[in-house]
Amino acid sequence: VDLAKNSPETYKYSVFLCLIKYQNHEIMGLDEVYVNLYDTYFASGEMDFWADATLKENLRAVADRFRKSLIGRIGANLIMQDVNLKPQALYDIKNKYSILYIFDPDCPSCKEETPKLANFYNRKKFDCEVFAVCSDTSIVKMRKYIADHELKWITVNGPRSYVGSYQDHYDAMSSPTLYVLDRNKKIIGKKVPAEKLDDFLTQYERIELLKGG
C-alpha cells in the first residue's frame, strides 16, 4: 500500500482490496487487520479523496462490530435470566475456560452444533463451563430446547438481559456463534466449531506452556 501511494488509483484499489480480504477472512483473529485498516485509512481521513460518507459509515459499522470482541481483549460481562428467571452472569464462572455459545432454538445449524458441544462438555476433558445464550425471547422454547438436548450447562435468555443486547458486546450476527474465554475472561478463540474445541484447547495449552503461562 505504501509503495502504491504515488498512484491514487492504485493506492485506492490496494487499500480497498485488503479491506475486503480481511472482512471475509478465513483465519481466526484476522478481523483485527480489518479494524486496523479502517482506522488507518478511513477513520483518519486518508481515503477521503474518494470514499464518501455513506461508504465510510458502512465500513465503520463493520469495524465497530469486529472491534468489540477481538482476540486478546477482555470479553464483556453478560447478565441474563435463566429458565427460572434468575440472573446468571458470565463473570461468575470461575472455571479455567468459559465457552460463550450463542444459539437460536429454531436454527438448523444450531441443532447440529449443540449436540457436538454437549459431547465436548460432558466429557470434561478441560475445566470449562458453557454460558449458552438463547437468542429467542421464549422461555418455554428455551426450556424445551434444554430438555430435548439434555443440556447441563448454564443457559440464559438473551433478550432478558440486564446489560443490553449480547450483540452490543460480541460480534454474533449469525447462529451459532462460539467464543472461548480464559479464566480472566480474555477472548482466546472465536467462532471455533464445537468439534474443534478439543484440538483448539490442546494446542492453546501447549503454546501457553511453552510461553511459561
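Values in this document were obtained by computation on a predicted structure and should not be read as measured data. For the numbers below, each heavy atom of this structure counts, side chains included, while hydrogens, waters and symmetry mates do not.
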Q: Check whether more than 12 heavy atoms from other residues, nucleotides or ligands sit under 6.0 Å from atom CG of L3, and answer yes or no.
A: no
**Q.** Salt bridge flag under 4.0 Å for residues R67 and D64
**A.** yes
Q | Donor-acceptor pair, side chain of Y34 and main chain of L59, under 3.5 angstrom | A | yes
What donor-acceptor contacts under 3.5 angstrom involve side-chain atoms of residues 104-111, with partners at least two apart or in another chain?
{"unit_1": "D104", "atom_1": "OD1", "unit_2": "D106", "atom_2": "N", "d": "2.9"}
{"unit_1": "D106", "atom_1": "OD2", "unit_2": "K141", "atom_2": "NZ", "d": "2.9"}

Q | Check: Y38 ring centroid to F66 ring centroid under 6.0 Å | A | no
Q: Give a yes or no on whether the backbone of Y97 and the side-chain of R183 come within a donor-acceptor separation of less than 3.5 Å.
A: no
Q. Does any pair with a residue in residues 115-134 pass ring pair (Phe, Tyr, Trp, His ring centres under 6.0 Å), and if so which ones, sequence neighbours excluded?
A. Y121-W153
Q) What heavy-atom pair brings P115 and E112 nearest, and what distance separates the two atoms? A) CD-O, 3.4 Å
Q. More than 12 heavy atoms of other residues, nucleotides or ligands under 6.0 Å from OH of Y13: is that the case?
A. no
Q) Are any side-chain N or O atoms of Q88 and backbone N or O atoms of M80, one a donor and one an acceptor, separated by less than 3.5 Å? A) no
Q: Would you confirm whether D52, through its side chain, and L55, through its main-chain N or O, come within 3.5 Å as a donor-acceptor pair?
A: yes
Q. Any sub-3.5 Å donor-acceptor pair from D136's side-chain atoms to S138's backbone N or O?
A. yes
Q: Under the side chain to side chain contact (heavy atoms under 4.5 Å, CB included) rule, what do Y41 and L19 come out as? Steps first, then yes or no, please.
A: CA-CA 10 Å; Y41 296 104; L19 201 70; over 6 Å; no
Q) For the side-chain hydrogen bond (donor to acceptor under 3.5 Å, both in side chains) test, which of Q23, K190, R65 pairs with D31? A) K190
Q) Hey, is CD on E57 packed in by over 12 heavy atoms from elsewhere, all under 6.0 Å? A) yes
Q: Taking only Lys NZ, Arg NE, NH1 and NH2, and the carboxylate oxygens of Asp or Glu, determine whether D148 and K144 approach each other closer than 4.0 Å.
A: yes
Q: Might you point out which heavy atoms bring L30 and H25 nearest each other, and give the distance in Å?
A: CB-CB, 3.8 Å
Q) Within a reach of under 6.0 Å around NZ of K196, are more than 12 heavy atoms found that belong to other residues, nucleotides or ligands? A) no
Q. Considering residues, nucleotides and ligands other than K86, do more than 12 of their heavy atoms fall under 6.0 Å from its NZ?
A. no
**Q.** Any donor-acceptor N or O pair under 3.5 Å, side chains Y145, T114
**A.** yes
**Q.** Closest contact, heavy atoms only, T137 versus P159
**A.** CG2-CG, 3.6 Å
Q) Below 4.5 Å, heavy atoms only, C-beta onward: do F49 and K12 meet side chain to side chain? A) yes
Q: Taking the side chain as every heavy atom from C-beta outward, state whether E46 and V15 have any pair of such atoms under 4.5 Å apart.
A: no
Q | Heavy-atom pair with the smallest gap, counting every atom of V1 and C18 | A | CG2-SG, 4.5 Å
Q) How far apart are the closest heavy atoms of V163 and N77, and which atoms are they? A) CG2-O, 3.8 Å
Q. Relative to the ring of F200, is the ring of Y204 parallel (under 30°), tilted (30 to 60°) or perpendicular (over 60°)?
A. parallel
**Q.** Which atom of P87 lies closest to which atom of Y162, heavy atoms considered
**A.** CB-CE1, 3.7 Å
Q) For S69, does its backbone N or O pair with a side-chain atom of D171 as donor and acceptor, under 3.5 Å? A) no
Q. With distance as the sole test, does E195 use its side chain to make a donor-acceptor pair with the main-chain N or O of K116 at under 3.5 Å?
A. no
